[in-house]
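Here's the structure we're looking at; comments come further down.
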Amino acid sequence: MTSRAVRPCRLPPSFFARDATDVAPQLLHKLLRVDTAAGSVDVRILEVEAYTQDDPASHSFRGPTARTASMFGPPGRLYVYLVYGMHHCMNIVTGREGDGQAVLVRRVLVPGVARHRTDGPGKLTRELGVDRSSDGAQARVIDDAAPVPVAMATPRIGITKAVDWPRRWLAPWPSVTPGG
DNA sequence: AATCTGATCGTG
DNA sequence: ACGATCAGATTA
């Protein structure tokens, strides 16, 4: 019996044109291609949170602003913002254009990088060199047919509104390494 | 114009 | 438990 050979495929924009609460858990174990100073790197997505427009904890709750413009833009693009004046958070925009939805990437696995360096939303952007210059850029998410974990939604981290909404999904640990 | 509040992280 | 550090939101 030959080993399974699945051609990794880039997720189309239609994948993201759904509610963030539907898209978020499906992003677990997908690969996100990021341009770094060292070149293009595929990182494994291990933790996400969903933010929708009806969510008091969401930046989109009070309508679009200059900062959140990309969150209301076409799905499948990045929404990158500065939190607490010093850390960047990376999101993937979901829903239809005009919706204010996104999935926050909270933890990833990077080939050759200790996992404690990318186990938080601010830490992973620092490690990868992602900042506001990536805001609005096309997100490149690759499905390499890694096993899809059964993830249960849990409450989100670091918010003070809608604290008990189950909109955070974690990949089981241990997890497969990127590219393998 | 002044103040408050963060989708965080490192240090103590 | 707290400070860093800045932008959006709120209050006046």
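For the 3.5 Å distance criterion, the side chains of A/Arg140 and A/Ser40 fail to qualify, holding no donor opposite an acceptor. Between the side chains of A/Gln53 and A/Ser60, no donor-acceptor pair is found at a separation under 3.5 Å.
Remark: A/Arg132 engages A/Asp135 in a salt bridge, criterion side-chain N to carboxylate O under 4.0 Å. Taking the charged nitrogens against the carboxylate oxygens, A/Arg115 and A/Asp119 have no contact shorter than 4.0 Å, which rules out a salt bridge.
Among the heavy atoms of the strands lying under 4.0 Å from A/Leu104 is at least one base atom, whether or not backbone atoms are also near. At the heavy-atom level, A/Met90 lies nowhere under 4.0 Å from the strands shown.
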Within the sub-3.5 Å range, which N or O atoms of nucleotides 5-11 of chain C have a protein N or O partner, and how far apart are they?
{"unit_1": "C/dT5", "atom_1": "O2", "unit_2": "A/Tyr84", "atom_2": "O", "d": "2.4"}
{"unit_1": "C/dT10", "atom_1": "OP1", "unit_2": "A/Arg62", "atom_2": "NH1", "d": "2.8"}

Interface polar pairs with nucleotides 10-12 of chain B, N/O, under 3.5 angstrom:
{"unit_1": "B/dG10", "atom_1": "OP1", "unit_2": "A/Arg126", "atom_2": "NH1", "d": "3.3"}
{"unit_1": "B/dG10", "atom_1": "OP1", "unit_2": "A/Arg126", "atom_2": "NH2", "d": "2.6"}

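Here the C1' atom of nucleotide B/dC9 and the CZ atom of A/Arg107 are 16 Å apart, to the nearest Å. The distance between atom CG of A/Asp119 and atom C1' of B/dA7, rounded to the nearest whole Å, is 16 Å. Taking atom CD of A/Glu49 as the reference point, atom C1' of B/dT8 lies 12 Å away to the nearest angstrom.
Transitive grouping of hydrophobic side chains (ILVMFWY, heavy atoms separated by less than 4.5 Å) brings A/Val48 and A/Met90 into a common cluster.
Nearest-nucleotide positions on DNA chain B place A/Lys161 closer to the 5' end than the other of A/Pro121 and A/Lys161.
Inter-residue side-chain proximity for A/Leu46 and A/His29 is flagged as met; some heavy-atom pair is nearer than 4.5 Å. Side chains of A/Val80 and A/His88 form a contact here, defined as non-hydrogen atoms less than 4.5 Å apart.
When atom types are taken as modelled, the side chain of A/Glu49 and the backbone of A/Arg106 share no donor-acceptor pair closer than 3.5 angstrom. Of the possible donor and acceptor atoms, none in the side chain of A/Asp143 sits under 3.5 Å from a partner among the backbone N and O of A/Cys9.
At the phosphate of B/dA7, neither OP1 nor OP2 sits under 4.0 Å from any side-chain N or O atom of A/Ser58. Distances shown here put a side-chain N or O of A/Arg106 below 4.0 Å from the OP1 or OP2 atom of B/dT8.
For the pair A/Arg77 and A/Tyr79, the cation does not sit on the ring face, since its NZ or CZ is not both under 6.0 Å from the ring centre and inside 45° of the axis.
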Structure string for DNA chain B in dot-bracket form, Watson-Crick and G-U at under 3.5 Å, | interchain: ||||||.||||.

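In this structure, NE2 in A/His87 is found 9.0 Å from CG in A/Leu82, a value given to the nearest 0.5 Å.
Residue A/Tyr51 and nucleotide B/dA7 are classified as a stacked aromatic pair, their ring centres being separated by less than 5.5 Å at an interplanar angle below 30°.
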